[in-house]
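Letters A, B, ... mirror the listed sequences (proteins, then strands); counts begin at 1. Values reported hereafter were calculated over all heavy atoms of this structure, with side chains retained and with hydrogens, waters and symmetry mates removed.
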Amino acid sequence: MSEEKSLNFIEDIIETDLKEGKYKSILTRFPPEPNGYLHIGHAKAICLNFGLSLKYGGKTNLRFDDTNPITEETAYVESIKEDIRWLGFSWANELYTSDYFDILYNYAVNLINKGLAYVDDSTAEEIAAMKGTPTEAGKDNKYRSRTIKENLILFANMKGGIYKDGEKVLRAKIDMAHTNMLMRDPIIYRIKHAYHHRSGNAWCIYPMYDFAHGQSDSIENITHSICTLEFIPHRELYDWFIEKLNIFTSHQYEFARLNMTYTVMSKRKLLQLVTEGYVNGWDDPRMPTISAFRRKGYTPKSIRTFCDKIGIAKRENFIDLSLLEFCLREDLNQKALRVMAVLDPVKLIITNYEEGKTEELLCENGPDETFGKRSLSFGKELWVEREDFMEEPEKKWFRLAPGSMVRLKSAYIVKCESFVKDVTGKVTAINCSYIPESRSGKDTSGINVKGTIHWVSASHALNAEVRLYDRLFTTENPLDEKGDFKNTINSDSLQIITHAVVESSLKDATVDARYQFIRKGYFCLDTDARLDKLIFNRTVTLKDAWAKEVKKIRLT
RNA sequence: UGGGUUAUGGUGUAAAGGUAGCACAACAGAUUUUGAUUCUGUUAGUCAAGGUUCGAAUCCUUGUAACCCAACCA
């Protein structure tokens, strides 16, 4: 028995279309503008579009919507392709709106010939002034009544490059009094003497989004053109062009874009964070970009699961970041190798352990037997986590404290006998005795301890840099703040630990591997790491019931 | 005071006139050589007011709230 998952509204439409024979198969498209990096909101659109074609046996095109040469770059094209591939999807065709510039130009001429488009000499300000407001109708201007012949010549001249930027535009002739502002004679071509990343200097006029997107969908025979809610008013225009041009009828459907707590999702704002140096580039692990999540150690599967869980609907939403982290931990828990690393080391000396002796202990590599075991070196001097020792323990504390016993993971039970402090009061060493009969796997001591802590043998430890990331913003909705969203940037979003110690097996760590530093969180090797320098990123912390407990204890 | 879209627990998302369900979060407990994982349980919802109906989240009426639209951006 499989539990029937209910359909979202787009799947509903598709199933109806297929059942009624409107289409034999579906064709969707993902249409990024190559002017920035893809973020988690794009991941939602990617999973939707590619997921739909996968589910219904159709195809998805990747189409770069490159109609604005000023902001677009080839570097962005490359990053976008890498991100989609990494997420696990393959496109049927790699396409560019710029490939359709000739067709689009002819469509515009076609419109002029039908008396449905005209060249306007007004300035941007004049056009805006004549456009009216949402509550007031716009007005026709004198250029609106130009003859077809005149428009044809003028538009050819625009293409010919005899006018300067902004001197003239081509507008659709619809209705200056329309209640939908977008139908008040929208501009469809503008002059930009600019180098285009693909067409070079072949063109100096470029179509606007509304005169490119729907037509591109139509040219490709896209059946279901899915976009976000803010394009709802554009649909009327989308349909108008297709109808007047009498070309293949693609249909536009709109869903609500992703919003998430503790982050911003607009490309403009993300670009600002990059250019103003709040983060170190588009793939800084604190960014919500796909490349940042990848670098931070997220798995493609966790992002796909997340996109599946948040659903598709038309109402505004504000997803809790913890849902993403839940999906991440769920996947990482199954995949990550368990290793030991001490982020804030303090020396633990086993007073009754033989000087110079080393034992090899077996330790499980993962969450189940299939991961096998590895050998770990154990000795008289170990590094343990500073926060695992408390001189004056909290209530319910079952880690190291004077007189207390803990198990060293996969090793022995030790008892804290004494500790050493320096003049500043900082603990510099913890002296313990160990119980030889308590060795992991062959424990005959009969002693039960509540606490188990991780450790690294001091003489075998490797030094590592560890980067701990926290959320980039201190408030759930940075956009809610009066003033600049950047006022709520978390100044502690990155903590670099330069002197962490990790077990020696990590000398072979690779960027693709996922690790759980036991009791500390999930980590991965950063791309900055070099042969002689280990650098790990914290992907996400483990859930921490003890931290909650402490809060409660201190409140009462 | 124009047009469009949307309203279901704290957050998402189902229920197509017939038991308001699921997930995350929160809380409580069990298990645990990771205070992780796993398991069990609890809290909590149909925007409002009327109406139709044996029966309404769903249909009707009237309100209310939120979001989008006045780039030669996409």
Counting side-chain heavy atoms from CB outward, which of [options] is closest to [X]?
{"X": "A:Asn68", "options": "B:C73, B:G2, B:A14", "result": "B:C73"}
{"X": "A:Val169", "options": "B:C72, B:A74, B:A36", "result": "B:C72"}
{"X": "A:Arg190", "options": "B:U33, B:A74, B:G2", "result": "B:A74"}
{"X": "A:Phe318", "options": "B:A71, B:G12, B:U34", "result": "B:G12"}
{"X": "A:Asn333", "options": "B:A15, B:U37, B:A70", "result": "B:U37"}
{"X": "A:Thr452", "options": "B:A70, B:U33, B:A36", "result": "B:U33"}
{"X": "A:Asp544", "options": "B:C24, B:A74, B:G35", "result": "B:G35"}
{"X": "A:Thr179", "options": "B:A14, B:G3, B:A36", "result": "B:G3"}
{"X": "A:Pro134", "options": "B:A74, B:C69, B:A15", "result": "B:C69"}
{"X": "A:Ala313", "options": "B:G2, B:U13, B:G12", "result": "B:U13"}

5′-ward residue of the pair A:Ile319/A:Trp546 relative to RNA chain B: A:Ile319

Assign each of A:Phe517 and A:Lys44 to its nearest nucleotide of RNA chain B by heavy atoms, then name whichever residue's nucleotide is nearer the 5' end.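 On the 5' side of the pair lies A:Lys44.
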
Can you tell me how the ring of A:Tyr105 sits relative to the ring of A:Trp203, calling it parallel under 30°, perpendicular over 60° and tilted otherwise?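 Judged by the thresholds at 30° and 60°, the geometry between A:Tyr105 and A:Trp203 is tilted.
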
Which part of the nucleic acid, if any, lies within contact of [X], taking any heavy atom under 4.0 Å across all strands shown: a base, the sugar-phosphate backbone alone, or nothing?
{"X": "A:Trp397", "answer": "base"}
{"X": "A:Ser322", "answer": "sugar-phosphate"}
{"X": "A:Lys396", "answer": "base"}

Tell whether [X] reaches the base of [N] with its side chain through a donor-acceptor pair below 3.5 angstrom.
{"X": "A:Arg329", "N": "B:U37", "result": "no"}
{"X": "A:Thr135", "N": "B:U1", "result": "no"}
{"X": "A:His454", "N": "B:A36", "result": "no"}
{"X": "A:Gln516", "N": "B:U34", "result": "yes"}
{"X": "A:Asp320", "N": "B:A23", "result": "no"}

Can you tell me if [X] touches the phosphate of [N], counting only side-chain N or O atoms and a distance under 4.0 Å to OP1 or OP2?
{"X": "A:Arg315", "N": "B:U46", "result": "no"}
{"X": "A:Thr67", "N": "B:A74", "result": "yes"}
{"X": "A:Lys548", "N": "B:C27", "result": "yes"}
{"X": "A:Arg519", "N": "B:G35", "result": "yes"}
{"X": "A:Lys552", "N": "B:A28", "result": "yes"}
{"X": "A:Lys543", "N": "B:A25", "result": "yes"}
{"X": "A:Lys192", "N": "B:C73", "result": "yes"}

Between A:Arg29 and A:His213, do the side chains contain a donor N or O and an acceptor N or O under 3.5 Å apart? yes

Under 3.5 Å, side chain of A:Asn333 to main-chain N/O of A:Arg329, donor-acceptor pair present? no

Any idea if B:A71 is syn or anti, going by the 90°-from-0 cut?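 Syn.
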
Can you name the nearest heavy-atom pair linking A:Arg514 to A:Thr299, along with the distance? NE-CG2, 4.0 Å

With a 6.0 Å cut-off on ring centres, are A:Tyr238 and A:Phe231 close enough?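 Ring-ring flag for A:Tyr238/A:Phe231: false, centres at least 6.0 Å apart.
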
Is it true that A:Arg146 and A:Asp121 have a side-chain N and a carboxylate O under 4.0 angstrom from each other? yes

Atom C1', compared across B:U13 and B:G35: separation rounded to whole Å: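 32 Å, rounded to whole Å.
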
